Novice: 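Just dropping this structure here.
Residue numbers start at 1 and run along the sequence shown. Just so we're clear, the structure is a prediction, and the values are computed from it rather than from any experiment.
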Amino acid sequence: MVFDFLRRKKSNNEMICIDIGYKNIKVVEVDANKSNSNIHISNYGITATPKECIKNGAIYDVSRVLDMIKQVIYQQHMKAKNAKIIMSGTNIITRIYLIDKKSGEESDDTIKKSIPGFFPLDIDNYQIDYKILQTVLDRGVEKYKVFLTAVPKKILQSYVEVLRGLDLKPLAVDIPANSTAKFFNRDIEVTEMEEWYRQKVYKKVGTEAFAVLDFGSETTIVNFLNDKILEFNKVILCGSSNIDEHLAKNMDIRLDEAEWLKKKYGLKAPRYNSPEEHYTSHEIITDFIERLVKQIANCFIFYQEHCYGKPISKVFIIGGGSQLAGLRQYLFSVFNIPVYPVGLMNLRGVELEKNLDQEKLNYLINCVGISL
């Protein structure tokens, strides 16, 4: 589900993919080889997002954001002439609707006529896209199960302005949910939860229903995929940077000190001889994560009860926030299903330019996903 408003064709497979986050801007130069489905990452760069330029995905200062992206492209010697960009935040509305199938009427016509009745806002101010997931029987009536995405046109335009301001050929504006679905539509190798302390037992992503939790700086995005098709997406206004704020407020310390404590201890339980700061930070972080996971659990319930969803068989965690120490074990204790951290190198067919730093590759999943 790509917002391809620009109606232009690619001249080649090389492109620059951009992910503008609240905390960081990620830029990746990719060569997507159609003949063998491999992805070659030529280069990448990560830079801090200018303060007060973006909030919940909305770009408030296009020129400052453009300057930072141009610096990364110049410093990393990126040469690709095509570009894609990913937008995020609570301004993206995703919904699943059941729409009665009309005899003798094309599915597109039926859905387009039905959208105004389902969508509670002024649709003239939104760019709307949809995908038919399947046809189901609901109380004896045949219906389309439709995944709908809507983005305010004003916000979407700011992302288009970024692409055009780079003097590159703009290809598309995408959303994290679609990027995630593309990424997990390929073969992924993960370490079995029950064996992770002793040995690596690899399994590929199956075709059953599974969850992908994207722990970002400002948001946590919940995705449910069935047969590798996205069927549910929810943006929770709570991310890893909020943990820093929570720690700083409750411990009366600076934000940078709070971030240091988060990275050092995370959810790791303190021992009898642990310093007091470990006991205090553990209690505060656990309280925060507990409330966040309750919201995630509500998504599990909603998906199965209101979206004709199947039981979730496993959970994949991505994003910078997924590296919080002890998060994997905590999620396993709550949901009682395998939990797998997934990084870029778990994806089959990814090739890296020699000498590229692999330390921050896990931050680039969405960037690479939009290239697929």
Novice: Return the CG to NZ distance between D124 and K153, rounded to the nearest 0.5 Å.
Specialist: 6.5 Å
Novice: So, for F288 and G239, which heavy atoms are closest and what is the spacing to 0.1 Å?
Specialist: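 Taking every non-hydrogen atom into account, CZ-O, 3.9 Å.
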Novice: Could you go through S42 and E353, starting from their C-alpha distance and side-chain angles, then the distance that decides it, and tell me whether this counts as side chain to side chain donor-acceptor pair (under 3.5 Å)?
Specialist: CA-CA 5 Å; S42 306; E353 191 72 19; 4.9 Å; no
Novice: At what distance, to the nearest 0.5 angstrom, does CG of N13 lie from CG of D31?
Specialist: 6.0 Å
Novice: Please evaluate residues D61 and S63 with respect to the criterion side chain to side chain donor-acceptor pair (under 3.5 Å), reporting the C-alpha separation (whole Å), side-chain torsions for both, the decisive distance (0.1 Å), and the verdict.
Specialist: CA-CA 6 Å; D61 193 331; S63 61; 2.8 Å; yes
Novice: Can you tell whether the side chains of K145 and E231 come within less than 4.0 Å, N to carboxylate O?
Specialist: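 Yes.
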Novice: How close do V222 and C299 get, counting heavy atoms only, and between which atoms?
Specialist: CG1-CB, 4.0 Å
Novice: Please name the pair of heavy atoms, one in P338 and one in S313, separated by the smallest distance, quoted to 0.1 Å.
Specialist: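 In this case the closest contact between P338 and S313 is CD-O, 3.6 Å.
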Novice: Parallel, tilted or perpendicular, judged at 30° and 60°: which one describes the rings of H282 and H278?
Specialist: perpendicular
Novice: Taking the side chain as every heavy atom from C-beta outward, state whether T149 and I93 have any pair of such atoms under 4.5 Å apart.
Specialist: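 No. Closest side-chain heavy atoms not under 4.5 Å.
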Novice: Do M87 and I92 have side chains that approach each other closer than 4.5 Å (heavy atoms only, starting at C-beta)?
Specialist: yes
Novice: Assess the residue pair C17 and M15 against the criterion (side-chain contact (heavy atoms from CB on, under 4.5 Å)); give the C-alpha distance rounded to whole Å, side-chain angles, the decisive distance to 0.1 Å, and a yes or no.
Specialist: CA-CA 6 Å; C17 301; M15 67 186 80; 3.7 Å; yes
Novice: Using the rule that Ile, Leu, Val, Met, Phe, Trp and Tyr join whenever any side-chain heavy atoms are under 4.5 Å apart, tell me whether Y265 and I284 fall into a single cluster.
Specialist: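 Same hydrophobic cluster.
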Novice: Do E208 and K314 meet the salt-bridge criterion of a basic N to acidic O distance under 4.0 Å?
Specialist: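 Between E208 and K314 there is a salt bridge, with a charged N closer than 4.0 Å to a carboxylate O.
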Novice: Could you walk me through whether Y330 and V293 pass the side-chain contact (heavy atoms from CB on, under 4.5 Å) test, one step at a time?
Specialist: CA-CA 9 Å; Y330 184 87; V293 171; 3.8 Å; yes
Novice: Measure centre to centre between the rings of Y130 and F147, then say whether the value is under 6.0 Å.
Specialist: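 Here the rings of F147 and Y130 have centres that are no less than 6.0 Å from each other.
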Novice: Report, as yes or no, whether the 6.0 Å neighbourhood of atom NZ on K102 holds more than 12 heavy atoms from other residues, nucleotides or ligands.
Specialist: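 Counting neighbours around NZ of K102, 12 or fewer heavy atoms of other residues, nucleotides or ligands fall under 6.0 Å, so no.
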Novice: Quick check on side chain to side chain donor-acceptor pair (under 3.5 Å): which of T220, N366, N223 does D214 satisfy it with?
Specialist: N366
Novice: Contact between I285 and L247 at the side-chain level, heavy atoms closer than 4.5 Å - yes or no?
Specialist: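 SC-SC contact between I285 and L247 confirmed.
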Novice: Do Y159 and I59 have side chains that get closer than 4.5 Å, going by heavy atoms?
Specialist: yes
Novice: Which residue pairs satisfy the ring pair (Phe, Tyr, Trp, His ring centres under 6.0 Å) criterion with at least one member in residues 345-372, sequence neighbours excluded?
Specialist: none
Novice: Applying a strict under-4.5 Å side-chain criterion to I, L, V, M, F, W and Y, I'd like to know whether L213 and I221 cluster together.
Specialist: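 Not linked; separate clusters.
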Novice: Once you round to the nearest 0.5 Å, how far does CD1 of I96 lie from CZ of F302?
Specialist: 8.5 Å
Novice: Can you hop from I132 to I128 via hydrophobic side chains spaced under 4.5 Å?
Specialist: yes
Novice: Dump the intermediate steps for side-chain contact (heavy atoms from CB on, under 4.5 Å) on E351 and I39, then the final yes or no.
Specialist: CA-CA 6 Å; E351 303 169 350; I39 301 166; over 6 Å; no
Novice: Please lay out, stage by stage, how E259 and K23 fare under the test salt bridge (Lys or Arg N to Asp or Glu O under 4.0 Å).
Specialist: CA-CA 13 Å; E259 184 179 15; K23 195 170 184 179; 2.9 Å; yes
Novice: Of the non-hydrogen atoms in K70 and G165, which two are nearest, and what is the gap between them?
Specialist: CE-O, 3.2 Å
Novice: Mind listing the closest non-hydrogen atom pair of R164 and P170 along with its distance?
Specialist: CG-CG, 4.2 Å
Novice: Out of curiosity, N43 CG to I73 CD1, how far, rounded to the nearest 0.5 Å?
Specialist: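 If we round to the nearest 0.5 Å, N43:CG and I73:CD1 are 11.0 Å apart.
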Novice: Indicate yes or no: at least one non-hydrogen side-chain atom of Y340 is less than 4.5 angstrom from one of R328.
Specialist: yes
Novice: Do I337 and I312 make a side-chain contact, defined as non-hydrogen atoms from C-beta onward lying under 4.5 Å apart?
Specialist: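 The answer is yes; the side chains approach within 4.5 Å.
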Novice: Between S371 and V30, is there a donor-acceptor pair closer than 3.5 Å when you use the side chain of the first and the backbone of the second?
Specialist: no
Novice: Quick check: closest heavy atoms across V28 and C367, and the distance to 0.1 Å?
Specialist: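 Closest approach of V28 to C367, heavy atoms only: CG2-CB, 3.6 Å.
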Novice: Indicate, with yes or no, if I85 and I175 share a hydrophobic cluster defined by side-chain heavy-atom contacts under 4.5 Å among Ile, Leu, Val, Met, Phe, Trp and Tyr.
Specialist: yes
Novice: With the side chain counted from C-beta on, respond yes when T47 and N24 share a heavy-atom pair under 4.5 Å apart, and no when they do not.
Specialist: no
Novice: Taking the side chain as every heavy atom from C-beta outward, state whether F215 and L292 have any atom pair closer than 4.5 Å.
Specialist: yes
Novice: Quick one: do L163 and I54 end up in the same hydrophobic cluster if we chain Ile, Leu, Val, Met, Phe, Trp and Tyr together by side-chain heavy atoms under 4.5 Å apart?
Specialist: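 As far as the 4.5 Å side-chain criterion goes, I54 and L163 are connected within one cluster.
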Novice: Other hydrophobic cluster members with I86, side-chain heavy atoms of Ile/Leu/Val/Met/Phe/Trp/Tyr under 4.5 Å, chained?
Specialist: I370
Novice: Assign the ring pair F335 / F300 to parallel, tilted or perpendicular, where the plane angle (0 to 90°) is split at 30° and 60°.
Specialist: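 Because their plane-to-plane angle is under 30°, the rings of F335 and F300 count as parallel.
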Novice: Taking the side chain from N250 and the backbone from H246, do they hold a donor-acceptor pair closer than 3.5 Å?
Specialist: yes
Novice: Step through the shown structure and confirm whether more than 12 heavy atoms of other residues, nucleotides or ligands are within 6.0 Å of CG on D252.
Specialist: no
Novice: Between atom CD of Q295 and atom CD of E290, what is the distance when rounded to the nearest 0.5 Å?
Specialist: 12.0 Å
Novice: Begin from the C-alpha positions of E245 and N242 and carry the test side chain to side chain donor-acceptor pair (under 3.5 Å) through to its verdict.
Specialist: CA-CA 5 Å; E245 296 167 0; N242 301 119; 3.3 Å; yes
Novice: Before giving the answer on salt bridge (Lys or Arg N to Asp or Glu O under 4.0 Å), spell out for E14 and K79 the whole-Å C-alpha distance, their side-chain angles and the decisive distance to 0.1 Å.
Specialist: CA-CA 9 Å; E14 294 180 348; K79 304 298 183 183; over 6 Å; no
Novice: What do the steps show when you test I46 against V27 for side-chain contact (heavy atoms from CB on, under 4.5 Å), and what is the final call?
Specialist: CA-CA 6 Å; I46 300 175; V27 185; over 6 Å; no
Novice: Crowded around K263 NZ? As in, over 12 foreign heavy atoms under 6.0 Å?
Specialist: no
Novice: Relative to the ring of F224, is the ring of Y303 parallel (under 30°), tilted (30 to 60°) or perpendicular (over 60°)?
Specialist: tilted
Novice: Do NZ/NE/NH1/NH2 and the carboxylate oxygens of D287 and R291 come within less than 4.0 Å?
Specialist: yes
Novice: Near N355 CG, under 6.0 Å, is it more than 12 heavy atoms from other residues, nucleotides or ligands?
Specialist: no
Novice: Please name all residues satisfying ring pair (Phe, Tyr, Trp, His ring centres under 6.0 Å) with Y60, sequence neighbours left out, ordered by chain then number.
Specialist: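 Ring pair (Phe, Tyr, Trp, His ring centres under 6.0 Å) check on Y60 returns nothing, list empty.
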Novice: From K228 NZ over to K182 NZ, what is the distance, rounded to the nearest 0.5 angstrom?
Specialist: 16.0 Å
Novice: Could K262 and D244 be called an ion pair, given the rule that one side-chain N must be under 4.0 Å from one carboxylate O?
Specialist: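 Between D244 and K262 there is a salt bridge, with a charged N closer than 4.0 Å to a carboxylate O.
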